[in-house]
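Letters A, B, ... are given to chains in the order of the sequence lines, protein chains preceding strands, and every chain is numbered from 1.
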Protein chains: 2
Amino acid sequence: MTVVRRDFELGTLFLGDVLDVLGLVRESSVDLVLTDPPYSSGGSTIETRQRCPVEKYQNTGTKKPYPSFSGDHLDQRSYVNWCVEWGSRSRLLLKSGAVHAQFTDWRQLPATVDAVQRAGLHWRGIVPWDKTETARPTVGGFRAQAEYLVWGSNGPLSRSRGVGCLPGAFREPVRRSDKLHVTGKPTALMVRLVAACPPNGVVADWFAGSGTTAVAAVVTGRRFIGCEVSQEYFEIACKRIHEAEARLA
Amino acid sequence: MTVVRRDFELGTLFLGDVLDVLGLVRESSVDLVLTDPPYSSGGSTIETRQRCPVEKYQNTGTKKPYPSFSGDHLDQRSYVNWCVEWGSRSRLLLKSGAVHAQFTDWRQLPATVDAVQRAGLHWRGIVPWDKTETARPTVGGFRAQAEYLVWGSNGPLSRSRGVGCLPGAFREPVRRSDKLHVTGKPTALMVRLVAACPPNGVVADWFAGSGTTAVAAVVTGRRFIGCEVSQEYFEIACKRIHEAEARLA
DNA sequence: CCCTTCTATGAATCGTGCT
DNA sequence: CAGCACGATTCATAGAAGG
């Protein structure tokens, strides 16, 4: 498959499939993998899971339109295998002792823990992200209000990477003005999370979406590398990265 | 095994092993199971896991001494089997459509999700409890700062139990004055969680420890049933329940 | 400019009813 | 009857609109 490359002052974004892009990056060159793959979640039956993501994750009758995204249709077995595939290859690009962190929801959490370990990473923990009460309510039960980072290290965790002690729980609301993807993460959250990368290090995001991880890297004085498979989101990401770099100058 | 029974105005506490006690409770009589079994966690090798709980969960040199507790020595396979054993029998005591919620830490989370499902419960979600910055820091990585409730329902979740929409994330610090067990939970947290039981309903805790769940039930106008295997903690729990009922009168 | 009021929305789920 | 499409539903909050 063909891959398009776009270079910035502080990093590079590729347009193309993860597995194609992973072959283009130098080994042991990344200080932090922080990424948000499609969860292939939502719905208890395979039929509902295989609906289009924008339909299954948004309320019926929602006004705000987002472009759809692909790769969200896998059953749980395939999801694990696919995560292992890109995760193992991503691990080779990660420096020894560095951190890999990947988002998941409650339904895929156990599967994601399996996948991270099978990718050869040393599983080190779970970090909850509390989305606050902006999440949909559940009548008679607890609201599904958190998403999770499953994190591990490439070999023994290096304690001397110039990264101090990081918090182990984050509370950050989703702001509409800050959400450019159906599943977009708040910039403020990503800014706090890239602290797991030493200053001036390289942050990788293999599912860049609207580019929030890269923007957070730029804003905090780090470099970035990443890819996005959808042309539409790729262009949005490039625009945001460009703007972030311009504001910095 | 012999079981001792102690009755209170608003409930009953048994001294004895879970599996013995579960046979003494009437089927479909419980509105909420909210319990905190020993996690059999801590350490990645079986040797470190099999140390005495007070040693492995406390820093060396800790001043405040807690009585030790038992049932914390299982490997992960046995842990799941044991949870399935008491979980299935506990489910029969739970009303149809009612909630089962059990605490776990990050390391046992995937195993606990398996156990809850194998116990015949319908897994509905994960609720993070953020212990705040009172947890031990991790140099170079994210602090292990949260514990988790894995929750499910006995059959389809009833929406008309007199329980509204519950929050899906809790932030509550551990206060030393409020912690009478090595793994004791804050009373304020348990008070918020028993909201998953309709007013005047019955809350069950099969691993009562120092009795915080029962105290929370009493304080919020609910009834309770539970058991504790250690004589020492049983007495502490009875004393606290008695005091809570006295304050109410 | 500040305060109040109002409306839209959320990494869904469930039941109904049609094909 | 299995499979699938579709709309009703929940409420705290963000953000816009209005005064």
Side-chain angles (χ1 to χ4, degrees), chain A residues 35-76 79 83 102-112 127-150 170-190 207-210 212-213 230 233, chain B residues 97 99 122-128 151-153 155-171 192 195-196:
Chain A
T35 196
D36 186 23
Y39 300 166
S40 288
S41 189
S44 41
T45 63
I46 198 145
E47 298 88 51
T48 34
R49 256 208 310 276
Q50 292 184 344
R51 273 185 304 160
C52 146
V54 176
E55 272 178 43
K56 70 180 179 187
Y57 296 135
Q58 282 197 314
N59 264 332
T60 42
T62 302
K63 298 266 177 12
K64 183 164 183 178
Y66 294 103
S68 194
F69 61 98
S70 61
D72 197 64
H73 60 284
L74 305 177
D75 71 21
Q76 200 166 63
Y79 181 73
C83 286
Q102 101 183 55
F103 277 95
T104 187
D105 72 349
W106 65 273
R107 204 182 282 276
Q108 297 288 42
L109 209 166
T112 305
V127 177
W129 164 43
D130 176 359
K131 297 193 275 189
T132 76
E133 291 70 23
T134 50
R136 249 186 223 96
T138 304
V139 187
F142 300 101
R143 196 191 289 258
Q145 171 175 347
E147 289 180 31
Y148 303 89
L149 272 176
V150 173
F170 295 83
R171 186 176 154 88
E172 201 75 61
V174 179
R175 284 173 212 288
R176 230 168 310 183
S177 53
D178 190 37
K179 181 175 157 162
L180 304 170
H181 187 284
V182 197
T183 69
K185 302 288 175 283
T187 309
L189 173 69
M190 300 314 278
F207 305 91
S210 56
T212 311
T213 310
S230 134
Y233 282 118
Chain B
V99 165
H122 184 131
W123 179 39
R124 299 294 308 247
I126 296 172
V127 177
W151 74 282
S153 52
L157 179 66
S158 154
R159 297 156 180 273
S160 53
R161 306 187 333 275
V163 166
C165 296
L166 306 168
F170 294 84
R171 186 176 153 89
R192 296 171 67 191

Give me the ring orientation class for A:His181 and A:Phe69: parallel if the planes are under 30° apart, tilted from 30 to 60°, perpendicular past 60°.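 A:His181 and A:Phe69: tilted rings.
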Does A:Arg107 have a side-chain nitrogen or oxygen under 4.0 Å from the phosphate oxygens OP1 or OP2 of C:dT13?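 Yes, A:Arg107 has a side-chain N/O under 4.0 Å of OP1/OP2 on C:dT13.
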Tell me whether the side-chain N/O atoms of B:Arg124 come closer than 4.0 Å to OP1 or OP2 in C:dC14.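 Yes, because at least one side-chain N or O of B:Arg124 sits under 4.0 Å from OP1 or OP2 of C:dC14.
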Mapping A:Val139 and A:Val174 to their closest nucleotides on DNA chain D, which lands nearer the 5' end?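 Looking at the nearest nucleotide for each, A:Val139 comes out on the 5' side.
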Using heavy-atom distances to pick each residue's nearest nucleotide on DNA chain D, tell me which of A:Thr138 and A:Thr132 is more 5'.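 The residue whose closest nucleotide sits nearer the 5' end is A:Thr138.
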How would nucleotides 2-9 of chain C be written as a contact map, 5' to 3', with B for base contact, S for sugar-phosphate-only contact and - for no contact, using protein heavy atoms under 4.0 Å? ------BS
Any sub-3.5 Å donor-acceptor pair from [X]'s side-chain atoms to [Y]'s backbone N or O?
X        : Y        : value
A:Trp106 : A:Gln108 : no
A:Thr138 : A:Gly141 : no
A:Trp129 : A:Glu172 : yes

Please evaluate residues A:Glu147 and A:Tyr39 with respect to the criterion side-chain hydrogen bond (donor to acceptor under 3.5 Å, both in side chains), reporting the C-alpha separation (whole Å), side-chain torsions for both, the decisive distance (0.1 Å), and the verdict. CA-CA 11 Å; A:Glu147 289 180 31; A:Tyr39 300 166; 2.5 Å; yes
By the salt bridge (Lys or Arg N to Asp or Glu O under 4.0 Å) test, which pairs, at least two apart or in different chains, include something from residues 55-67 of chain A?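 Qualifying pairs, neighbours excluded: A:Lys56-A:Asp72.
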Expressed in whole Å, how much space separates the P atoms belonging to C:dA11 and D:dC6?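 Comparing P positions in C:dA11 and D:dC6 gives a spacing of 23 Å.
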Touch class at under 4.0 angstrom, heavy-atom based, for A:Pro38 against every strand present: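 Base, at least one base heavy atom under 4.0 Å.
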